[in-house]
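All residue numbers in this chain count up from 1 along the given sequence. Reckoned from all heavy atoms, side chains included, excluding hydrogens, waters and symmetry mates.
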Amino acid sequence: MEVNAIRQVAVPWAGARGLTTGLMLTELHQDVWSGCLELAMGVPSGMDTPPHIVYWLSFGHLYGYRVLEGADVHELLEDDDDIDSQIQLITPSRFLTWFHQETMGSHLDEDIQHYRIACWDFCVDVLAAQPPDVCINKE
């Protein structure tokens with residue numbers, strides 16, 4: 001298999017500083033009408049009970065996203081010890097390059113960022129023009 005020539009670099013997203021670490025993805029909801037994407041992240045609470053939701057991430061206008069099993073993302077396997085950076089900015093981005101190719105460059109003049117939400121169970125890559133809002137679950 002040919003290796004992709006773009007070497008991606010993941011840097012911790014400053015907006016995630018101070019968030020609880022070791023979270024798992026518990027819910028993902030896309031409102032197609034409004035263009036919002038919401039992700040719930042939580043901590044496991046037991047074998048027979050759903051995880052306790054700790055944070056909600058809400059992306060406003062998004063351009064695209066993908067969800068992969070965490071074990072299927074090669075870069076995550078290399079950085080298992082860096083659990084403090086569960087929300088990262090990826091630059092340069094193969095996903096964003098692919099997006100520009102698929103849209104024939106129609107969004108090249110827009111400031112689109114590639115956010116990666118990396119949990120031990122799933123990896124969500126999001127292309128968005130604005131950072132997510134982070135809400136703490138008060139339950």
Side-chain angles (χ1 to χ4, degrees):
M1 183 163 99
E2 185 176 310
V3 177
N4 199 319
I6 299 175
R7 172 90 169 112
Q8 299 186 130
V9 176
V11 294
W13 175 57
R17 200 171 292 133
L19 297 182
T20 303
T21 58
L23 299 173
M24 63 187 296
L25 182 67
T26 61
E27 295 179 32
L28 183 141
H29 174 76
Q30 179 186 6
D31 183 334
V32 177
W33 184 257
S34 70
C36 290
L37 178 70
E38 291 188 349
L39 296 96
M41 298 177 73
V43 292
S45 52
M47 288 292 285
D48 298 330
T49 57
H52 172 71
I53 296 173
V54 179
Y55 300 108
W56 285 94
L57 299 176
S58 180
F59 288 91
H61 178 74
L62 76 136
Y63 292 91
Y65 71 95
R66 64 183 179 191
V67 180
L68 298 170
E69 289 278 342
D72 290 332
V73 182
H74 178 70
E75 290 133 353
L76 287 181
L77 299 175
E78 294 173 349
D79 298 330
D80 274 345
D81 55 327
D82 192 14
I83 199 164
D84 289 335
S85 58
Q86 284 189 248
I87 306 173
Q88 306 161 331
L89 285 170
I90 308 295
T91 183
S93 165
R94 291 189 292 266
F95 185 32
L96 185 54
T97 299
W98 170 86
F99 173 78
H100 286 310
Q101 290 170 341
E102 291 297 309
T103 61
M104 292 192 250
S106 61
H107 299 282
L108 281 171
D109 60 341
E110 298 173 48
D111 186 21
I112 302 172
Q113 299 295 315
H114 177 176
Y115 294 88
R116 173 167 287 165
I117 296 86
C119 302
W120 61 269
D121 53 349
F122 288 96
C123 175
V124 182
D125 288 300
V126 179
L127 299 178
Q130 294 147 1
D133 292 326
V134 180
C135 299
I136 299 172
N137 191 13
K138 306 237 186 221
E139 287 182 10

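The minimum heavy-atom distance linking Ile90 with Ala10 is given by the pair CD1-CB, 3.6 Å. Scanning both residues, Asp125 and Arg116, for their nearest heavy atoms gives OD1-NE, 2.8 Å.
Atom CD of Gln86 sits about 4.5 Å away from atom CE of Met41, to the nearest 0.5 Å. The line from CD1 of Ile53 to CD1 of Ile136 is 14.0 Å long, rounded to the nearest 0.5 Å. For the atom pair CD (Gln130) and OH (Tyr115), the distance works out to 8.5 Å, reported to the nearest 0.5 Å. The distance from atom CG of Leu37 to atom CG of Asp31, rounded to the nearest 0.5 Å, is 10.0 Å. Note that SG of Cys123 and CD of Gln88 are 8.0 Å apart. Values are rounded to the nearest 0.5 Å. Note that the CG atom of Leu39 and the CD1 atom of Ile117 stand 5.5 Å from one another [nearest 0.5 Å].
With Ser93 contributing its side chain and Gln8 its backbone, the two residues share no donor-acceptor pair below 3.5 Å. Using modelled atom types, no side-chain atom of Ser58 and backbone atom of Asp133 make a donor-acceptor pair closer than 3.5 Å.
Two residues are said to be in side-chain contact when any heavy atoms from C-beta on lie closer than 4.5 Å; Pro131 and Gln113 fail this criterion.
Tracing side-chain contacts under 4.5 Å through hydrophobic residues (I, L, V, M, F, W, Y), one reaches Trp98 starting from Ile112; they form part of the same cluster. By the criterion of side-chain heavy atoms lying less than 4.5 angstrom apart, applied directly or through intervening Ile, Leu, Val, Met, Phe, Trp or Tyr residues, Leu19 is not grouped with Trp56; the two fall into different hydrophobic clusters. One hydrophobic cluster, built from ILVMFWY side chains closer than 4.5 Å, holds both Tyr65 and Trp13.
At most 12 non-hydrogen atoms from other residues, nucleotides or ligands lie less than 6.0 angstrom from CG of Asp48.
Ring to ring, His61 and Tyr63 are close: their centroids are under 6.0 angstrom apart.
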